[in-house]
Amino acid sequence: SAKAAGKNQYSFYNDQLEKKLQLKHQLEKALSSKNDRQCFEIHYQPKVNTNTQQILGVEALVRWRNHDNQLISPCDFIPIAEETGLIIPLGEHILYQACSQAARWQQRGHQLSVAINVSTVQFEDKHFIDTVKSVIESTDVNPNLIEIELTESVLAKNIEHAKQLIHDLKEIGVNIALDDFGTGYSSLSYIKDFPLDTLKIDQSFVKNMLHDATNLTIIAAIIQMANGLKLSVVAEGVESEEHAEKLSEMGCPIMQGYFYSRPIPEAELTEKYQLS
Ligand code: C2E
Ligand code: MG
Ligand code: MG
Ligand code: MG
């Protein structure tokens with residue numbers, strides 16, 4: 001009956017809410033002590049140049065190992081961390097871990113770039129630039145190896161603020177990538193108004209490109225625009241050889257996706273790509 005269905009709906013939302021509150025509580029606990037931050041692991045997903053078959057860099061992607069030893073996806077806890085402001089200490093931890101790792105590779109003679117995702121809440125934090133500066137200084141990493149990944153929604157929120165901040169980031173020497181490009185608030189003025197280095201083609205376009213001419217056309221347009229504006233372009237979500245071949249044919253040899261590797265722990269990546 002409708003009434004029973006309503007009741008089920010109610011308990012569904014109740015369960016969801018309960019789960020979210022539990023997660024929030026666990027997250028608060030994990031971030032309250034500096035020692036517990038080790039439960040936030042950074043996995044690294046390679047960016048490959050298919051022309052040379054070389055790894056150019058990696059994207060740092062956070063995972064949370066909870067007290068039951070389960071690995072929790074960032075999609076499940078980043079939004080909660082943003083809502084609660086816990087993304088600030090967490091983001092600083094991620095930045096520090098990722099820059100330290102880039103510095104270790106650099107010391108071993110591997111010039112691997114490391115891309116780090118930054119959310120709106122972090123970007124709006126007034127200490128953000130100082131945090132980036134001090135992490136780069138204390139890890140002694142070449143800032144040119146660090147790429148900050150922003151989404152269009154981060155830029156759209158406050159254009160003047162974003163302009164200033166990106167200017168300050170470029171001054172430090174880090175690179176700027178526009179993540180999930182083509183989704184959200186796509187506006188070509190972002191590309192004109194911000195000194196970006198890289199466009200990352202959103203995986204939704206890549207996913208459907210072989211069966212849907214519209215997606216293929218959009219990808220072709222992004223590649224052409226990036227080339228014309230001398231921006232790097234990276235395709236995300238490359239899951240098969242067919243995708244890789246097509247993208248390379250279209251002039252986008254730099255790609256990231258399960259076809260090459262899932263995001264993996266540092267030790268596994270070092271082994272796989274002989275980075276020791
Ligand atoms: P994103 O930055 O767009 O990262 C790409 C996501 O796509 C990652 O999911 C990655 O594992 C996944 N992916 C990569 N290749 C493939 C593929 O071939 N097929 C499919 N289906 N997926 C692929 P993940 O690690 O679950 O992260 C999800 C999102 O969470 C990220 O999207 C990013 O927005 C956010 N996130 C992850 N780590 C961080 C972080 O350290 N800080 C912040 N602020 N956000 C993060
Ligand atoms: Mg990203
Ligand atoms: Mg993305
Ligand atoms: Mg994303």
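Order of appearance sets the numbers: ligands from 1, and atoms from 1 within every ligand.
- Inspection of the Thr198 and Glu147 side chains reveals an N or O donor paired with an N or O acceptor under 3.5 Å.
- Proximity of Val238 to ligand 1, defined as any heavy-atom pair under 4.0 Å, is confined to the backbone N, CA, C and O atoms.
- A donor-acceptor pair under 3.5 Å links the side-chain atoms of Gln53 to the main chain of Thr50, judged by distance alone.
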Checklist entry - Where do Glu266 and Arg104 land on the salt bridge (Lys or Arg N to Asp or Glu O under 4.0 Å) test, with the steps shown first? => result CA-CA 11 Å; Glu266 182 273 322; Arg104 279 195 289 276; 5.8 Å; no

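- At a cut-off of 2.8 Å, Glu59 is counted among the residues with an N, O or S atom near the Mg ion (ligand 2).
- With the Mg ion (ligand 2) as the vertex, OD1 (Asn117) and OD2 (Asp179) define an angle of 90°, rounded to 10°.
- Only the side chain of Glu59 comes within 4.0 Å of ligand 1, counting heavy atoms alone; its backbone N, CA, C and O stay farther away.
- Evaluated by nearest non-hydrogen atom to atom 6 (C) of ligand 1, the leading choice among Gln203, Glu236, Glu149 is Gln203.
- Looking only at distances, no side-chain donor or acceptor of Ser248 sits under 3.5 Å from a matching main-chain atom of Ala244.
- If you look at Asn117 next to ligand 1, the close heavy atoms, those under 4.0 Å, come from the backbone and the side chain alike.
- Using a 4.0 Å cut-off between a side-chain N of Lys or Arg and a carboxylate O of Asp or Glu, Lys133 and Asp168 do not qualify as a salt bridge.
- Contact annotation: Asp180 places no N, O or S atom under 2.8 Å from the Mg ion (ligand 2).
- Counting only non-hydrogen atoms, the option in Ala235, Gly91, Pro263 that gets closest to atom 11 (O) of ligand 1 is Pro263.
- Taking CG from Leu86 and CD1 from Ile78, the interatomic distance works out to 10.5 Å, rounded to the nearest 0.5 Å.
- Under 4.0 angstrom from ligand 1, the non-hydrogen atoms of Gln122 all belong to its side chain.
- Contact annotation: for Asp179 versus ligand 1, heavy atoms closer than 4.0 Å belong to the side chain alone.
- In this comparison of Ala115, Ala81, Pro74, the heavy atom closest to atom 26 (O) of ligand 1 sits on Pro74.
- For Lys207, no heavy-atom contact with ligand 1 is shorter than 4.0 Å.
- Summarising the geometry of His161 relative to Phe123, their closest heavy-atom pair is NE2-O, 3.1 Å, with the distance given to 0.1 Å.
- Checked for salt-bridge contact, Lys24 and Glu83 miss the test: no charged N lies under 4.0 Å from a carboxylate O.
- Nearest to the Mg ion (ligand 2), among the N, O or S atoms that Glu149 has, is OE1.
- Glu41 and His43 are linked by a side-chain donor-acceptor pair at a separation below 3.5 angstrom, with hydrogens and angles left out of the test.
- Between Ser119 and the options Glu124, Glu149, Glu82, a side chain to side chain donor-acceptor pair (under 3.5 Å) holds for only Glu82.
- One option in Ile72, Leu61, Ile94 has a heavy atom closer to atom 41 (O) of ligand 1 than any other, and that option is Ile94.
- Contact annotation: for Gln45 versus ligand 1, heavy atoms closer than 4.0 Å belong to the side chain alone.
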